[in-house]
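Below is one structure, written out as structure tokens, with a few remarks after it.
The analysis underlying the following values was restricted to heavy atoms, covering all of them including side chains, and did not include hydrogens, waters or symmetry mates. What you see is a predicted model, and the numbers here were worked out from it, not measured in a lab. If you read the sequence from its start, that first residue is 1, and numbering goes on from there.
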Amino acid sequence: MPTPPPESVGSSAVSLRQISKSFDGHQVIAGLDLDVAPGEFLAVVGPSGSGKTTMMRIIGGFESPDAGIVEIAGEDVTALPAERRNINTVFQSYALFPHLNVLDNVAFGPRMRGRGRAERERKANELLELVHLGGTGRRLPRELSGGMQQRVALARALANDPAVLLLDEPLGALDRKLREEMQRELRRVQATLGATFVYVTHDQDEAFGMADRLAVMRDGRLVQMGDPATIYDQPANAWVALFVGSANRLPVSVRDTAPARLDSALGPLAADYLAPGLAAGSAGLAVIRPEATRFEPWVATAPAGQPNRFAARLDDVVAIGPSLRLRATAADGTAFESVVNRAGSATTGLAPGDPVAIAFDAPSVRVYAVDEAIP
């Protein structure tokens, strides 16, 4: 179950209020407000330059905001340096001490806090068991695989029981299979401990697969925040719809609003969602996910003028694991993509060059204002 938003669970683990930050006159964070609930796994996504890493560094105390307040567990820490905040960070580079064995690496934080040897070794061994590395305590980092080293780094970051754990692209150096394994491990560890994770990543699949909630950033601002299903199925605007995942797009003109009826260069459309403010005569952008788009064999006798059904020619069919990814081009040059399950798919008999009908249902069509779209 996704963690409820902060307002339903009491004080926030992290609270940012009107945070702004500029570098050399260029504003990278602009009036940002953000709350992270205790025990929540929040993933932050956005294009390069959106401010997500800067935001994380401000939370961690590695950067100072030009304006605004940073609170950790209800305490104002805006003026506190990183070492005085109850926060730890896991980076893409493991940053393990090469001369210390695994146990001493994990126990390093408690040692610096004056914990006794027996206490810190007990804590380190518990965490190594938690990350499935029991029995490796006497080995050196260089004797471990990349995935094992990243688990050691995670255990070390958790050894001081931080109020918040920041993770900055922690899996970026791993290959795909190991990355997927570590995603499951991170989620399991976070759920087991009930820890608060703030996870910055460029990998959307990673974010959607692990997080309770997503924060989508653009130009230093929070564009949308919500659980993964809401972000994907109900994007706040066209920019989010086109940034998150893949999407087919089609310029339209609004003919009627209740119900939504639209005109396009390819023919009429029907939609269940029309963005607020769009009125009859407005220009809009229809967005349809590839998995909601069907490519069907073209039937010349099909009734003309059907909404959400257009003639096209199939360009290619690519098998990706259990899925088929198909691409087709409509008469005006508009490209469409469809993703279907290979098992029992009606499209498996189609071949590049075949005439097809592009079809989708009204509930899968969301229409946004044109000025919100990616150029």
Any side-chain heavy atom of [X] within less than 4.5 Å of one from [Y]?
X	Y	result
Phe23	Glu63	yes
Ile87	Leu165	no
Leu250	Leu262	no
Met148	Arg139	yes
Phe295	Val340	no
Val198	Val36	yes
Leu186	Leu171	yes
Val45	Ile231	no

Taking [Y]'s backbone N and O only, do any of them form a donor-acceptor pair with [X]'s side chain (distance below 3.5 Å, no angle check)?
X	Y	answer
Ser11	Ala73	no
Lys52	Pro47	yes
Asp212	Phe41	yes
Thr78	Val70	yes
Tyr368	Pro235	yes
Ser15	Ser12	no
Arg309	Ala357	no
Gln224	Gln234	yes
Arg138	Asn101	no
Asp175	Leu178	yes

Where is the tightest heavy-atom contact between [X] and [Y], given as atom of each residue plus distance?
X	Y	value
Val356	Trp298	O-CE3, 3.7 Å
Gln27	Ala30	OE1-CB, 3.6 Å
Lys123	Asp161	NZ-OD1, 2.8 Å
His202	Gly46	CD2-O, 4.2 Å
Ile19	Ile58	CG2-CD1, 3.8 Å
Pro228	Phe208	O-CE2, 3.2 Å

Check whether [X] and [Y] end up in the same hydrophobic cluster, where Ile, Leu, Val, Met, Phe, Trp and Tyr are linked by side-chain heavy atoms less than 4.5 Å apart.
X	Y	answer
Ile72	Phe62	no
Val189	Leu144	yes
Leu96	Leu140	no
Met55	Val28	yes
Leu130	Leu167	yes

*Show your working on salt bridge (Lys or Arg N to Asp or Glu O under 4.0 Å) between Asp168 and Arg57 and close with a plain yes or no.*
CA-CA 9 Å; Asp168 185 15; Arg57 291 178 59 81; over 6 Å; no
*Quick one: does NZ or CZ of Arg289 land under 6.0 Å from the six-membered ring centre of Tyr232, within 45 degrees of the ring axis?*
yes
*Can you list every salt bridge (charged side-chain N to carboxylate O under 4.0 Å, His left out) pair that touches residues 230-247, not counting sequence neighbours?*
none
*Hey, could you give me each pair passing salt bridge (charged side-chain N to carboxylate O under 4.0 Å, His left out) that has a residue in residues 310-330? Not counting sequence neighbours.*
Asp316-Arg327, Arg325-Glu337, Arg327-Glu337
*Which residues share a side chain to side chain contact (heavy atoms under 4.5 Å, CB included) with Asp354, sequence neighbours left out*: Leu350, Ala351
To the nearest 0.5 Å, tell me how far [X] [atom1] sits from [Y] [atom2].
X	Y	atom1	atom2	result
Gln190	Thr196	CD	OG1	7.5 Å
Met182	Arg188	CE	CZ	9.5 Å
Leu222	Asp33	CG	CG	8.5 Å
Arg294	Ser364	CZ	OG	8.0 Å
Ile29	Gln18	CD1	CD	12.0 Å
Asn341	Ser323	CG	OG	6.0 Å

*asked:* Could you walk me through whether Arg221 and Leu32 satisfy the side-chain contact (heavy atoms from CB on, under 4.5 Å) test, starting with their C-alpha distance in whole Å, then the side-chain angles of each, then the deciding distance to 0.1 Å, before giving a yes or no?
replied: CA-CA 6 Å; Arg221 293 177 170 83; Leu32 179 69; 5.8 Å; no
What side-chain donor-acceptor pairs closer than 3.5 Å can you find for residues 266-284, not counting sequence neighbours?
from: Ser282; atom 1: OG; to: Ala279; atom 2: N; distance (Å): 3.0
from: Ser282; atom 1: OG; to: Ala279; atom 2: O; distance (Å): 2.8

*Please determine, by modelled atom types, if Asp227 and Thr230 share a side-chain donor-acceptor pair under 3.5 angstrom.*
yes
*With a 3.5 Å cut-off and no angle check, do the side chains of Thr201 and Asp203 form a donor-acceptor pair?*
no
Using a strict threshold of under 4.0 Å (side-chain N to carboxylate O), is an ion pair present between [Y] and [X]?
X	Y	answer
Arg122	Glu126	yes
Lys177	Glu180	no
Glu71	Arg17	no

*Decide side-chain contact (heavy atoms from CB on, under 4.5 Å) for Val240 and Arg218; before the verdict, give the C-alpha distance in whole Å, the side-chain angles of both, and the deciding distance to 0.1 Å.*
CA-CA 9 Å; Val240 176; Arg218 180 190 187 192; over 6 Å; no
*With side-chain contact (heavy atoms from CB on, under 4.5 Å) as the test, would you mind laying out the steps for Val365 and Asn308 before giving the verdict?*
CA-CA 9 Å; Val365 183; Asn308 303 352; 4.3 Å; yes
Show me the donor-acceptor pairs within less than 3.5 Å that the side chains of residues 106-118 make with the rest of the protein, sequence neighbours left out.
from: Arg115; atom 1: NH1; to: Arg113; atom 2: O; distance (Å): 3.2
from: Arg117; atom 1: NE; to: Glu121; atom 2: OE2; distance (Å): 3.2
from: Arg117; atom 1: NH2; to: Glu121; atom 2: OE2; distance (Å): 3.1

*Sort out for me which residue in Arg184, Arg187, Arg179 forms a salt bridge (charged side-chain N to carboxylate O under 4.0 Å, His left out) with Glu206.*
Arg179
Between side-chain atoms of residues 151-159 and protein atoms elsewhere (two or more places apart, or another chain), which donor-acceptor pairs fall under 3.5 Å?
from: Arg151; atom 1: NH1; to: Val131; atom 2: O; distance (Å): 3.3
from: Arg151; atom 1: NH2; to: Glu181; atom 2: OE2; distance (Å): 2.4
from: Arg156; atom 1: NH1; to: Ala95; atom 2: O; distance (Å): 3.1
from: Arg156; atom 1: NH1; to: Asn105; atom 2: OD1; distance (Å): 3.4
from: Arg156; atom 1: NH2; to: Ala95; atom 2: O; distance (Å): 2.7

